[in-house]
2 protein chains.
Amino acid sequence: MNKHPLRQQIEEIVKLTDDEFDFVLQHFRKKSFKKHQIILHEGDYAQFDFFVVKGLMRVTKLDFDGKEHILQFGMENWWITDAEAFHNKTKSTLIVDCLENTETLSLSLESKEKLSRELPKMQTFFLKKTTNGYIALQKRILCFLSSNANDRYHNLLTLYPGLIQRVPKAMIASYLGVTRETLSRLSKIKA
Amino acid sequence: MNKHPLRQQIEEIVKLTDDEFDFVLQHFRKKSFKKHQIILHEGDYAQFDFFVVKGLMRVTKLDFDGKEHILQFGMENWWITDAEAFHNKTKSTLIVDCLENTETLSLSLESKEKLSRELPKMQTFFLKKTTNGYIALQKRILCFLSSNANDRYHNLLTLYPGLIQRVPKAMIASYLGVTRETLSRLSKIKA
DNA sequence: CCATTTTTTTGACAAATGTCCTGTTCAGCA
DNA sequence: TGCTGAACAGGACATTTGTCAAAAAAATGG
């Protein structure tokens with residue numbers, strides 16, 4: 001009997017009874033999307049934080065020049081949204097779309113706050129997840145500070161070995177902050 | 001009658017009674033450090049998260065080549081520590097030291113968790129602060145993805161206008177991920 | 001105030017990366 | 001089946017940034 005992936009993630013941090021998890025799950029709504037579908041447009045309000053059950057999404061920033069920069073991928077068990085727009089109820093400056101058909105559980109800010117209030121364990125969970133996310137971003141920044149494109153690429157390979165098979169290299173390049181031409185050259189030059 | 005800077009920061013997010021703030025403050029310990037003093041060495045456990053009352057600290061990563069990369073500055077009202085080592089009780093991979101004589105309020109992980117448990121408002125505060133920190137790091141990453149050294153520099157100037165007066169430019173360069181020579185050349189080439 | 005150290009700037013050159021372009025392969029689709 | 005566009009590799013050259021060396025400027029300590 002397999003536990004729900006969301007429950008599994010929560011219980012890595014706080015334990016829940018069956019009733020408690022039912023209560024938690026009531027605050028989510030299932031949403032499915034198709035490949036290429038845009039979930040959040042620039043300028044829209046970010047109504048939901050998405051827990052990815054199956055599939056692959058990404059968060060993109062559109063440049064002044066129209067270039068797109070990938071801030072984040074979201075595979076299974078990742079949370080994905082425009083964090084600033086979602087938490088501050090402001091219009092999104094980012095775009096969220098699907099690279100594959102994707103099933104999610106969506107959580108509104110109101111539901112998140114209600115959950116945090118009525119089941120304090122869940123606030124503990126959100127705090128721990130956010131802290132871990134903060135630490136992960138610090139590491140990514142450190143990577144920008146201390147590594148060249150080649151090292152950043154190989155760091156990414158070991159960090160998310162599954163990603164490269166599911167995502168075009170041009171997007172990997174975008175996530176790494178280099179052009180696809182540069183990434184293409186790295187692949188062969190050096191292991 | 002001026003409020004305590006820590007209270008002021010907390011009350012931007014959750015309101016506290018005088019008694020509650022007294023209770024909060026009991027969990028902190030005043031610690032003062034001198035310029036150049038190292039607060040957290042690589043390999044040490046990060047016992048505390050520091051709220052900077054007065055002064056200036058920084059968090060540094062030491063390279064394999066011995067080069068240092070500045071991950072974060074911490075001025076007045078900032079929180080500073082090795083987040084990963086602090087929250088996971090692991091040995092620090094970063095160094096925290098003082099660029100000026102600095103007064104802090106230190107909070108241990110045990111105190112932070114006790115406070116979160118006994119005064120849920122404080123957990124709400126910590127969650128909001130961490131979320132804001134996460135958003136700030138996302139923006140810094142976006143800056144690395146989409147901007148060259150010159151734009152990153154001017155972005156930093158507008159973001160923390162006070163910083164440049166208090167910190168040698170070589171350290172600003174380190175924070176931006178460029179050499180001091182490159183930064184020096186930018187300053188004049190372009191506004 | 002001077003002496004010393006730290007910080008900043010500058011130049012010449014090397015290395016990394018970006019830009020523009022072409023050609024090839026391959027998957028998806030009419 | 002053949003067409004089309006996406007993905008990828010590669011060349012030629014421009015631009016940005018790094019490296020090393022040295023001088024100039026500013027800060028610090030006695």
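Below, read A as the first sequence line, B as the second, and so on, with proteins coming before strands; counting in each chain starts at 1. No hydrogens, no waters, no symmetry mates; every other heavy atom, side chains included, goes into these values.
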Answer with yes or no whether A/E181 presents, from its side chain, a donor or acceptor under 3.5 Å of a partner atom in the base of D/dC8.
no
Is the ring pair A/F48/A/F50 parallel, tilted or perpendicular, if the boundaries are 30 and 60 degrees?
tilted
Among the nucleotides C/dT9, D/dC8, C/dT17, whichever has the atom closest to the side chain of A/A149 is C/dT17
Looking for any heavy atom pair under 4.0 Å, which part of the strands does A/R180 touch: base, sugar-phosphate only, or nothing?
nothing
Should the ring pair A/F21 and A/H4 be called parallel, tilted or perpendicular, given that the plane angle runs from 0 to 90° and is split at 30 and 60?
tilted
C/dT17 phosphate, OP1 or OP2: any side-chain N/O from A/T182 under 4.0 angstrom?
no
Nearest-angstrom distance from the residue atom CG of B/N150 to P of D/dT16:
10 Å
Rounded to whole angstrom units, what separation is found between the CG atom of B/L99 and the P atom of D/dA27?
17 Å
What pairs of residues pass the ring pair (Phe, Tyr, Trp, His ring centres under 6.0 Å) test when at least one of them lies in residues 111-146 of chain B, not counting sequence neighbours?
A/F144-B/F144
Of the listed nucleotides (D/dT17, C/dT9, C/dT17), which one gets closest to any side-chain atom of A/L186?
C/dT17
Could you give the CG-to-P distance, from A/D63 to C/dG18, as a whole number of Å?
13 Å
Determine whether a donor-acceptor pair (N or O, by modelled atom type, separation under 3.5 Å) exists between the side chain of B/H69 and the backbone of A/L145.
yes
Want to settle it: does B/K35 or B/K67 sit nearer the 5' end of DNA chain D, counting the closest nucleotide to each?
B/K67
Side-chain donor or acceptor of A/R185 under 3.5 Å from a matching atom on the base of C/dT19?
yes
Round to the nearest Å and state the distance from A/I172 atom CD1 to D/dC8 atom C1'.
14 Å
Neighbour count above 12 (heavy atom, 6.0 Å) for A/Q47 CD:
no
B/Q165 CD - D/dA27 C1' separation (whole Å)
16 Å
Would you mind telling me which of D/dG18, C/dG18, D/dC8 lies closest to the side-chain atoms of A/T179?
C/dG18
d(CE, B/M171; C1', C/dT8) in whole Å
14 Å
Separation of A/L183 atom CG from C/dT19 atom P, in whole Å?
15 Å
Just N and O in the side chain of A/K169: are any of them under 4.0 Å from OP1 or OP2 of D/dA6?
no
In whole Å, what is the span from the NE2 atom of A/H36 to the P atom of D/dG5?
15 Å
